[in-house]
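One structure is given below, encoded as structure tokens.
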Amino acid sequence: MSDAETKRYYLTTAIDYPNSRPHIGTAFEKIGADVQVRFRRMEGASVFFLMGNDENTIKVPQRARELNLEPKAYVDQMAGQFKDVWHALDISFSDFIQTSEERHHAGCRKFIQAVYDAGDIYKGTYSGHYCNGCEAFKTEKEVAEGGGKCPNHPNTPLIWVEEDNYYFRLSAYRDRLLEHYLSHRDFIQPESRRNEVMSLVESELKDVAITRKGFAWGIKTPFDPDQTIYVWFDALLNYITGIGYGTDEERFRQLWPADVHVIGKDITRFHCALWPAMLMSAGLPLPRMVFGHGFVYRKNEETGEVQKLSKSLGNVVEPMDLVQQFSSEAFRYYFMSQCPFGGDGEFSFERFAAVYNADLANNLGNLYSRTLTMCAKYFEGRLDGGSTVDATQWRKGLEFEPLIGSLRELVGSFEYNLALQRIWREVVDAANRYIQETQPFKLVKTDVEATRAVLVNLADWIRVAAILIKPFLPRTAETFYRAFNFEETTPWESVGYVDALTPLNQQGLHVTAPLTEGKPSPLFPKVEVGAPR
RNA sequence: UGCGCCGUGGAGCAGCGGCUAGCUCGCCAGGCUCAUAACCUGGAGGUCGUAGGUUCGAUUCCUACCGGCGCAACCA
């Protein structure tokens, strides 16, 4: 692997249907992805982070008609809303692809033609329950749910329709897929998802219909203009059309294959079976990893019941509600610290507030407050007056280098909750304990220089904490870093985990944070537990 | 039904073969006063779902069962 290759990092998230607004579960995925790319950037990688919306579904023209809009106008409007939410959560995506864009259409046509030319597409007959109300086929499951009728149109009888479609020869890739899983242990992460996919591929891997007839909205099949590409086949292709496949081959070659597709556990099979088979057929390299994250469930505060987020249960929580009540930082912290990214997690307003108060207000925020206040009160913000002190004193008794090493490993492998837990226990808590043990507020009465030494150590502590939380809480981290004049040594933008290991530059060390009457304003004002909502 | 995950003090989690089973929140008692009534110390509280098995030894491995949950080809 060349140096240039190890340094570029291409990550994608699942593209979302635009017919409903993003909820906390959708946001969970994007934040987890964002933490990873922020971390990779800190590690020196040149990152490309792709997100987008999945717009070529039958529901789009339906919904657009209801709103009296052109489909394209509708999806553009929705994409704007999605991006607003992602920006509010500080999701640092590089590009946002909409599958209604021409660049996507062009890439899709090229790709399906390549698969066709490879002989993996054949004409067949698709049959199923068709609903005239939805203008779509219903799955057996949907029919069962509706008691033999369409769940959305119970008065419209379902009809059995047979239609000529094109099929992708997925079954032909069974052995090559299994071989790939075996030779690339990391292809499907976390481990628990592997078995599921492997047993699925071993047992049943049927060819799939990849086109539908008679839809105006969607991508026309190049070898048969009466047919449009079925949503799944087209959706997966965003990962390559978003980086220039079919429109900018040079760029595509630079970025592909993806380092990781971050997706929800429900769609692992598409990404681990269908997608690699499609790529094999088209002669393209496979992504290095598919990470299937867990889901966020809603805990009902009164009954204690844990439920899936769903519109019908009315328990959907919109990210903006929490961002407005607390902050994007609080939002990011809750989900990254409380929900293991590879597994499932729970959300309740009560718990959100409890975690916010305990970890952000009382620990992190308060550490910041008390440190800066003492610097201002005892030294008027200047810590550089005395003789040079040992600023690494605080690291004694702490296995510091191994800690940084394991944090890098944990963050790099998406184990965010464990990483945050260690940062809090071993860095933030330790700092509060250090203050209690050294008692600078007492010491200042007898030994000013010793007090200065303690505060210099705390300043370094703040600096290191800033670096460690940078991928998770970018704003808070920056505030921490700008509390002192650390930027004179290393600019904030270029600070990485390695800088936590370099010693503090005490030259001219002083407080740069804005203070009002010698105090910073609270970063995380405490909230009344149980009050919100 | 198939496949998968989970069941550890009041709540949320960690431990995944062997020191007195850890951590956070909550609770109780002290301490401190720099700080967002924050912080620090100590304490109470667990037969690690049940029944077997493997082993010198199991919360940790195996089997069965009970209970909860997820996925199963367009609801993150």
Side-chain angles (χ1 to χ4, degrees), chain A residues 13-17 19-20 22-30 54 57-59 136-139 141-142 170 192-200 202-206 208-209 230-232 235 262-270 273-274 292-297 299 304 306-312 337-340 343-346 348 350-351 354-355 357-363 365-378 417-418 421-422 424-425 429 431-437 439-444 451 455 458 519-527 529:
Chain A
T13 59
I15 52 176
D16 300 301
Y17 290 123
N19 29 289
S20 55
H23 60 234
I24 55 176
T26 335
F28 179 57
E29 170 178 302
K30 313 308 176 197
D54 186 3
T57 82
I58 184 66
K59 283 179 185 154
F137 283 99
K138 301 275 111 180
T139 62
K141 187 181 168 188
E142 285 173 304
L170 177 59
S192 56
R193 310 259 180 262
R194 259 176 69 88
N195 311 327
E196 213 170 313
V197 173
M198 285 193 63
S199 66
L200 173 93
E202 266 165 11
S203 62
E204 49 161 336
L205 200 62
K206 295 186 206 136
V208 287
Y230 183 48
V231 66
W232 262 112
V262 174
I263 55 157
K265 65 178 182 179
D266 55 332
I267 53 176
T268 34
R269 50 187 56 208
F270 294 106
L274 176 59
H293 68 253
F295 280 1
V296 173
Y297 296 89
K299 183 164 184 175
V306 177
Q307 303 164 316
K308 201 171 163 173
L309 294 170
S310 86
K311 266 178 273 181
S312 49
S337 70
Q338 302 301 304
C339 310
D344 296 332
E346 284 170 21
S348 74
E350 213 173 83
R351 191 164 152 202
V355 168
N357 280 341
D359 290 357
L360 296 178
N362 295 349
N363 275 26
N366 187 228
L367 171 66
Y368 177 84
S369 274
R370 64 198 305 209
T371 301
L372 290 188
T373 308
M374 285 191 281
C375 289
K377 196 179 258 184
Y378 308 145
N417 60 328
L418 300 181
Q421 203 175 358
R422 292 199 62 175
W424 254 252
R425 298 293 77 78
D429 283 356
N432 278 320
R433 225 175 293 130
Y434 177 80
I435 296 176
Q436 187 59 35
E437 281 158 13
Q439 306 208 315
F441 40 85
K442 245 182 206 167
L443 195 59
V444 72
T451 308
L455 290 176
L458 282 170
K519 291 184 177 212
S521 56
L523 263 34
F524 300 100
K526 273 194 92 161
V527 297
V529 179

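We name chains A, B, ... by the order of the sequence lines, and we start the count at 1 in each one.
When the nearest nucleotides of RNA chain B are assigned to G345(A) and R425(A) by heavy-atom distance, the more 5′-ward of the two goes with G345(A). Comparing P522(A) and E346(A) by the nucleotide of RNA chain B whose heavy atom lies nearest to each, the residue mapping closer to the 5' end is E346(A).
Distance check, rounded to the nearest 0.5 Å: CG of L372(A) to CG of L367(A) gives 9.0 Å. In this structure, the separation between CD on E29(A) and CZ on F295(A) is 9.0 Å, given to the nearest 0.5 Å. Here the CZ atom belonging to R370(A) is positioned 5.0 Å from the CG atom belonging to N432(A), to the nearest 0.5 angstrom. The CZ atom of R193(A) sits 8.5 Å away from atom NE2 of H293(A), with the distance rounded to the nearest 0.5 Å. Here the straight-line distance linking atom CG of N366(A) with atom CG of L523(A) works out to 11.0 Å at 0.5 Å rounding. In this structure, NZ in K377(A) is found 9.5 Å from CE in M374(A), a value given to the nearest 0.5 Å.
If you measure from atom OH of Y368(A) to atom P of A35(B), you get 15 Å, rounded to the nearest angstrom. G70(B) atom P lies 9 Å from atom CG of D344(A), rounded to whole Å. Separating the CD atom of E202(A) from the C1' atom of A72(B) is a distance of 16 Å, rounded to the nearest angstrom. At whole-Å resolution of the value, CG in L309(A) and P in G70(B) are 12 Å apart. Rounded to whole Å, the distance from CZ on F441(A) to P on G31(B) is 15 Å. What separates CD1 of I267(A) from P of C75(B) is a distance of 9 Å, to the nearest Å. Rounded to whole angstrom, the span from the OH atom of Y17(A) across to the P atom of C74(B) amounts to 7 Å. The interatomic distance linking Q439(A) (CD) with U33(B) (P) rounds to 7 Å, in whole Å.
A distance of about 9 Å separates the C1' atoms of C27(B) and A44(B), rounded to the whole Å. Taking the P atoms as reference points, A21(B) lies 38 Å from A37(B), given to the whole Å. For the P atoms, the distance linking U41(B) with C13(B) amounts to 26 Å, nearest Å. The separation of A38(B) from C28(B), taken at their P atoms, amounts to 13 Å, rounded to a whole angstrom. Look at the P atom in both U60(B) and G17(B): the space between them is 11 Å, to the nearest Å. With C1' as the reference atom, U20(B) and G30(B) are 24 Å apart, rounded to whole Å. Rounded to whole Å, the C1' atom of G46(B) lies 7 Å from the corresponding atom of U8(B). A distance of about 11 Å separates the P atoms of G15(B) and C61(B), rounded to the whole Å.
Across all strands shown, F270(A) has heavy atoms under 4.0 Å from sugar-phosphate atoms exclusively, and none from any base. Among the protein residues, K206(A) comes within range of the nucleic acid bases, having at least one heavy atom under 4.0 Å from a base atom. Within the nucleic acid shown, F524(A) comes within 4.0 Å of at least one base atom, counting heavy atoms only. Using a 4.0 Å heavy-atom criterion, one finds that T57(A) contacts no nucleic acid atom at all. Within the nucleic acid shown, Y378(A) comes within 4.0 Å of sugar-phosphate atoms alone, with no base atom in reach, counting heavy atoms only. No engagement by K30(A) is indicated, since no non-hydrogen atom pair under 4.0 Å with the nucleic acid exists. Residue G25(A) is in base contact, counting any heavy-atom pair closer than 4.0 Å across all strands shown. Here V355(A) lies out of heavy-atom contact (under 4.0 Å) with every strand.
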Polar pairs (N or O, both sides) under 3.5 Å between protein and nucleotides 2-6 of chain B?
{"residue": "C3(B)", "atom": "O2'", "partner": "S199(A)", "partner atom": "OG", "Å": "3.4"}

What protein N or O atoms touch nucleotides 37-41 of chain B N or O atoms at under 3.5 angstrom, if any, and at what distances?
{"residue": "A38(B)", "atom": "OP1", "partner": "K526(A)", "partner atom": "NZ", "Å": "2.7"}
{"residue": "A38(B)", "atom": "O5'", "partner": "K526(A)", "partner atom": "NZ", "Å": "3.0"}
{"residue": "A38(B)", "atom": "O2'", "partner": "N362(A)", "partner atom": "O", "Å": "3.2"}
{"residue": "A38(B)", "atom": "O2'", "partner": "N366(A)", "partner atom": "OD1", "Å": "2.6"}
{"residue": "C39(B)", "atom": "OP1", "partner": "N363(A)", "partner atom": "OD1", "Å": "3.3"}
{"residue": "C39(B)", "atom": "O2'", "partner": "R370(A)", "partner atom": "NH1", "Å": "3.1"}

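Here the side chain of W232(A) pairs no donor or acceptor atom with the backbone of F270(A) at under 3.5 angstrom. Checked by atom type and distance alone, the side chain of N357(A) never pairs as donor or acceptor with a backbone atom of N362(A) at under 3.5 Å.
In this structure, K442(A) reaches the U33(B) phosphate: one of its side-chain N or O atoms is under 4.0 Å from OP1 or OP2. Distances shorter than 4.0 Å separate some side-chain N or O of Y230(A) from OP1 or OP2 on C74(B). Between K308(A) and A76(B) there is no side-chain N or O to OP1 or OP2 distance below 4.0 Å.
Listed candidates were C71(B), C34(B), C23(B). Nearest to the side chain of Q421(A) is C23(B).
Residues L309(A) and I24(A) come closest through the heavy atom pair CD1-CG1, 3.7 Å.
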Q: Using a 3.5 Å limit on both pairing distances, list the dot-bracket string of RNA chain B from the 5' end; Watson-Crick and G-U wobble pairs count, crossing pairs take [ ], interstrand pairs take |.
A: ((((((((.[[[[.)..(...]]]].(((((.......))))).....[[[[[..)....]]]]])))))))....

